[in-house]
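Numbers here are sequence positions counted from 1.
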Amino acid sequence: MNPIDLLKVQQKLKTDSYEDVEDLTADIELIVNNAKAFYKPDSTEYQDACQLLDVFNTNKKRVLENQLEEGCMETRPRKITRPRKSLTTEDDEFDEGSDFDPYEELFAIVMTATDPLDNHDLHHMFQLLPSKKLYPGYYDIIDHPIDLKLIATKIQTSAYSNLNEMEKDLLQMTKNACTFNEPGSQIYKDAKMLKKIFMARKADIESGRYRKPPTKRPRLASSAMARVARDSKSIGSPSQNCSLNNTLASKSNRVMPGTSLKKKLLSLHEFLVGFTYDDHQPMALFMEKPSKKLYPDYYQVIQHPIDMTTIENNIKADRYSTIDDIVGDYRLMFSNCRKYNEEGSMIYDDANILEKALNDKLKEFSGISKKLNLSGKINTTPLEIKLKQMYDTIREYREPKQNRQLSYIFMKLPSKSEYPDYYDIIKDPIDIEKIEKKLRQQAYDSVDDMAADFMLMFENACKYNEPDSQIYKDALCLQQLLIQTKQALRSEETVPNVQQAVQELLLSLFTTFYNYQDEEGRCYSDSLAELVEYDECDGNRVRAISLDLIKRRLDKGLYKRLDIFQEDIFSCLERARRLSRTDSQVFEDSIELQSFFIKKRDELCQNGNVLESPALSYNTMHLSAAVESLRQSKLLQEEETDTDNDAVQASQGESMTIDQKVFSPGDFVYIDLPENKIPGIMYIERLWTTADNIKMMNGLILLRPHETFHVQTRKFMEQELFKSDQHVQIPLSKALNKCFVMHVRDYVKLMPEHFASKDVFVCESRYSSKARSFKKLKTWNLVRANDPVKLIPREATLEVKRVIGKVLFRGPWLLTPPEVPGTISRLFYRQEVLLSTIQETTSAVAIVGRCAVLDQNEYITRRPTEIAEADVYMCESIFDEFKKQIRKIVAPSGLRKFTHSQMVSTDEVYHFRRPINPPKV
């Protein structure tokens, strides 16, 4: 089924996508047939669809009848003759008695047509075909390329026997432009406008309504065709004056202030186009926007596409009044490139290289960055300099460690289609592009006005995103930079706003405190995200104090005093210690954070020289005393808890044999988990046989990192497991093979004999599934007396390395026919792929989206409802990579099917009423 609605029909009408009324009729009938296929015949929707089709057909018949009557009333078309004329001169004139040549007249109309909105010529981009070197993809998409030069040549050689043949060529030319270019692009609009003007004038000529001008005028058609025939430059050549009528030249020879600016803008543009780096021109891929047919997802990711051709047309049309205007478009183009392409790719690096070249070149243009007054002088005020400095500081800031430009994510607002809830949560959305536009329009009256917009942008980011996300931390970092920049730009002569200064000090303190990291780059504040959000108070759930809540209060300006702010920060950290064990990561991190807060507080306040506050009386000695007191009070309780939690059932039962494998209480074993491809790990505590003669085992489950709830930044040791609070009873037949688990203090020095490294695991913490928290183990009691497993010393003590968990996936490649050798002479289905015999393990970060691969029977009878048709493929063959042979997939095995747990949402599938019959090509 091909989904379509009236909104899509309206969009196609607006963009002139319908060639005739029959195309529109086909879409309306498709809408109706879709509705009739989905709804029952007795439903209201079904009846409405039938009525809609009747109304459409009635109106269509009436319109066609009216057009027929109008056509009968018009005068009969006169016979058109076309005497030969010389096309070698540009100043021929119409003689009063000369014959009328409709072909040349129509060509002249095309060459002199202009856009009514900005009066720019429409024919520029159609004079010659695109360069095959710069646009090789054009000739893969366009089957019948044609340009104005070819049309002019055919007119010269009298190759057209009637106007319909000329019309066919010109419509093919405009259709090619609309096929290759985006609907919103300038060339797309020009093609539509040119087609409309041509069709209107042709109809006038054929009906006899068109009259040649009574006064003498230059023969525009001949001169136009002669110039097009001579022109040998490729499409998009800059600064070529294509005005055909010399009488349209400027009436004045005075040089306006913008003339100098335009020349410099063209000079800058030509510099970037011709810029060469490492023996190649990086700008080649930026000349035109990507084809929508080849890269449909580009226009879903990029909301404001732009290319060098569009910028060049803007220069020619005098749409840039300052150097900042065109620089903004260049930066937008580079930003779009970096947003769509992967970091490290060639085009991504080219964007960075070109932007650096642009920045270097702009130093030569420092004198024209502002608007010119009537006398041609430059107006640059101290305020404008400060605003530009603030903007550049925020936009260009890079993280020192990884050299990331933090402002990239803030350049454009999130897509409304991908993040609709963003605009429900954020009431005043703003991005750097909007700030830059206001800067160019001189909409800011003070530095504080611009700072307020930046601050709003960062507050929106913190409000929408999770506290442990990277964008949240980046927003805080840029927020602190903004405060420092604003303070540096503040005039010393003015009296500072004290309330605002306090707010800035608190925000700077919070930002530094929140982003505080250890030597491995881990934020200490991340561990606090593992705490529960609510506290129990008198039987009710009350939202507890948290760093995110403090940040929201800070953004609203609710903190007027440092001591109140400090009280909330300390309450949050004390709560973390109160809810955690003394040997937990959260407990230690909260102490480190509070110590750092006190240190930065004293630095910012300069020990009372900048801000005096009762908060300064609390120092690290008070913190140490409070922590020690809490630690002592919790230790006794934790020891009692440890005794209960660490209690493991005494080994019960004797050894048992199953499938020629012997298992005993005290063994660590892999167990089969049907819902998980990776086997689980269990410590056997008891073995017994039921009345039904089924061998059973009871034991403690040990969890892998991916089976726990944790923040993304938490790091784990390789082969690390966690002692859980889950005890299970399962058949002994679920036991696969033995493995071995050791405490970390033994793991680094010893290793079990006769065990492979992949079967040896390390454990140093327990995991509470109820509290979703980790706690260090003080004792290791998963051992048995007279353990038959012998531990031997390692050759060298292991160095404990902690890494963030990496997600991998494994599977076979599916190849398209062009990727398979020897398939040129074979026929394949349009969406057919071949199953390779080679499998590969890949990081999950390589996944860019979902598609579906069905066997032949599935492909002709059904579809998953959430996957676009372009992403549905059919597979009926295997390609043997070693034998270089193609063979059919033998039934009943077919493509491999997978069974998932209830946690995975299965696809909804729509079944066709009757099988389809896809052709082979």
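One finds a salt bridge joining R338 and E355 here, because a Lys/Arg side-chain nitrogen approaches an Asp/Glu carboxylate oxygen to under 4.0 Å. With respect to E504 and K486, a salt bridge is recorded, a charged nitrogen being found less than 4.0 Å from a carboxylate O.
Note: D449 CG to F454 CZ = 12.5 Å, rounded to the nearest 0.5 Å. Atoms NZ and NZ, on K556 and K551 in that order, are 11.5 Å from each other to the nearest 0.5 Å. For the atom pair I426 CD1 and E459 CD, the distance stands at 10.0 Å (nearest 0.5 Å). Here D555 contributes atom CG and C462 contributes atom SG; the two are 6.5 Å apart, rounded to the nearest 0.5 Å. Note: L122 CG to K189 NZ = 12.5 Å, rounded to the nearest 0.5 Å. Atom CD in Q281 sits 13.0 Å away from atom CZ in F286 (nearest 0.5 Å).
Under the 3.5 Å distance criterion, the side-chain polar atoms of D431 are matched with a main-chain donor or acceptor of K434. Put simply, the side chain of K262 gets close to the backbone of K316: a donor and an acceptor are under 3.5 Å apart. Checked by atom type and distance alone, the side chain of D329 never pairs as donor or acceptor with a backbone atom of I306 at under 3.5 Å. Side chain of Y295 to main chain of K289: no donor-acceptor pair is present (N/O by atom type, distance under 3.5 Å, no hydrogens or angles). A side-chain donor-acceptor contact under 3.5 Å links S407 to the backbone of R395. Using modelled atom types, no side-chain atom of D871 and backbone atom of I867 make a donor-acceptor pair closer than 3.5 Å. Distance alone, capped at 3.5 Å, places no donor-acceptor pair between the R398 side chain and the L406 backbone.
Q480 and T512 are linked by a side-chain donor-acceptor pair at a separation below 3.5 angstrom, with hydrogens and angles left out of the test. Using modelled atom types, one finds no donor on one side chain facing an acceptor on the other under 3.5 Å when comparing E466 with Y472. A donor-acceptor contact closer than 3.5 angstrom is absent between the side chains of N336 and R331. Remark: the Q186 side chain and the D190 side chain contain an N/O donor-acceptor pair separated by less than 3.5 Å. For the 3.5 Å distance criterion, the side chains of Y524 and D518 fail to qualify, holding no donor opposite an acceptor. A donor-acceptor pair shorter than 3.5 Å can be found between the side chains of D307 and T310.
When all heavy atoms of Y139 and P130 are compared, the closest pair comes out as OH-O, 2.6 Å. Closest heavy-atom contact between I483 and S508: CD1-N, 4.1 Å. The heavy-atom pair separating R552 from K463 by the smallest distance is NH2-O, 3.3 Å. The nearest pair of heavy atoms linking P282 to L354 is CG-CD2, 3.7 Å. Smallest separation of non-hydrogen atoms from I315 and I326: CD1-CD1, 3.5 Å. When all heavy atoms of P429 and N460 are compared, the pair lying nearest together is CA-ND2, 3.9 Å.
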Take Y444 and L383 through the test side-chain contact (heavy atoms from CB on, under 4.5 Å) and record every step on the way to the result. CA-CA 9 Å; Y444 292 117; L383 174 61; over 6 Å; no
Could you walk me through whether N313 and H120 pass the side-chain contact (heavy atoms from CB on, under 4.5 Å) test, one step at a time? CA-CA 9 Å; N313 290 336; H120 77 271; over 6 Å; no
Test log, rule side chain to side chain donor-acceptor pair (under 3.5 Å), inputs E436 and Y391: CA-CA 8 Å; E436 183 181 13; Y391 174 82; 3.2 Å; yes
Would you check, one step at a time, whether the test side-chain contact (heavy atoms from CB on, under 4.5 Å) holds for Y514 with C523? CA-CA 8 Å; Y514 190 89; C523 283; over 6 Å; no
Audit row: D526, R522, salt bridge (Lys or Arg N to Asp or Glu O under 4.0 Å) steps and yes/no: CA-CA 8 Å; D526 283 350; R522 180 184 68 90; over 6 Å; no
Start with the C-alpha distance between D474 and R404, add both sets of side-chain angles, then the distance that settles salt bridge (Lys or Arg N to Asp or Glu O under 4.0 Å), and finish with yes or no. CA-CA 10 Å; D474 289 349; R404 285 189 309 114; 3.1 Å; yes
Take M308 and M333, measure what side-chain contact (heavy atoms from CB on, under 4.5 Å) needs, and give me the verdict at the end. CA-CA 8 Å; M308 289 294 284; M333 182 175 67; 3.5 Å; yes
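You'll find the side chain of L272 reaches within 4.5 Å of the side chain of L358, heavy atoms only. Under the 4.5 Å side-chain criterion, counting only non-hydrogen atoms from C-beta, F458 is not in contact with L476. Looking at E384 and L439, their side chains never come closer than 4.5 Å, going by heavy atoms from C-beta outward. Looking only at side-chain heavy atoms (C-beta outward), L265 and H269 stay at 4.5 Å or farther from each other. No side-chain heavy atom of L478 sits less than 4.5 Å from a side-chain heavy atom of L482. The shortest distance between side-chain heavy atoms of F126 and L148 falls below 4.5 Å. S291 is not listed as a side-chain neighbour of Y298, based on a closest heavy-atom distance of 4.5 Å or more. The side-chain heavy atoms of K339 and M411, taken from C-beta on, include no pair separated by under 4.5 Å.
Every side chain to side chain contact (heavy atoms under 4.5 Å, CB included) that T393 has, sequence neighbours left out, goes to Q389, L481, T485.
Counting non-hydrogen atoms of neighbouring residues, nucleotides and ligands closer than 6.0 angstrom, the CZ atom of R319 exceeds 12 such neighbours. Other residues, nucleotides and ligands place more than 12 heavy atoms under 6.0 Å from the OH atom of Y348. Surrounding CD of E342 are at most 12 heavy atoms belonging to other residues, nucleotides or ligands under 6.0 Å away. Counting non-hydrogen atoms of neighbouring residues, nucleotides and ligands closer than 6.0 angstrom, the NZ atom of K175 reaches no more than 12 such neighbours. Other residues, nucleotides and ligands contribute more than 12 heavy atoms inside 6.0 Å of the OH atom of Y408. The local environment of OH in Y277 is sparse, with at most 12 non-hydrogen atoms from other residues, nucleotides or ligands closer than 6.0 Å. In I409, the CD1 atom is not crowded: 12 or fewer heavy atoms of neighbouring residues, nucleotides or ligands sit closer than 6.0 Å. Under a cut-off of 6.0 angstrom, the local environment of CD in Q517 is crowded, with over 12 non-hydrogen atoms contributed by other residues, nucleotides or ligands.
In this structure, K416 satisfies the cation-pi test against Y423, with its NZ or CZ atom closer than 6.0 Å to the six-membered ring centre and inside 45 degrees of the ring normal.
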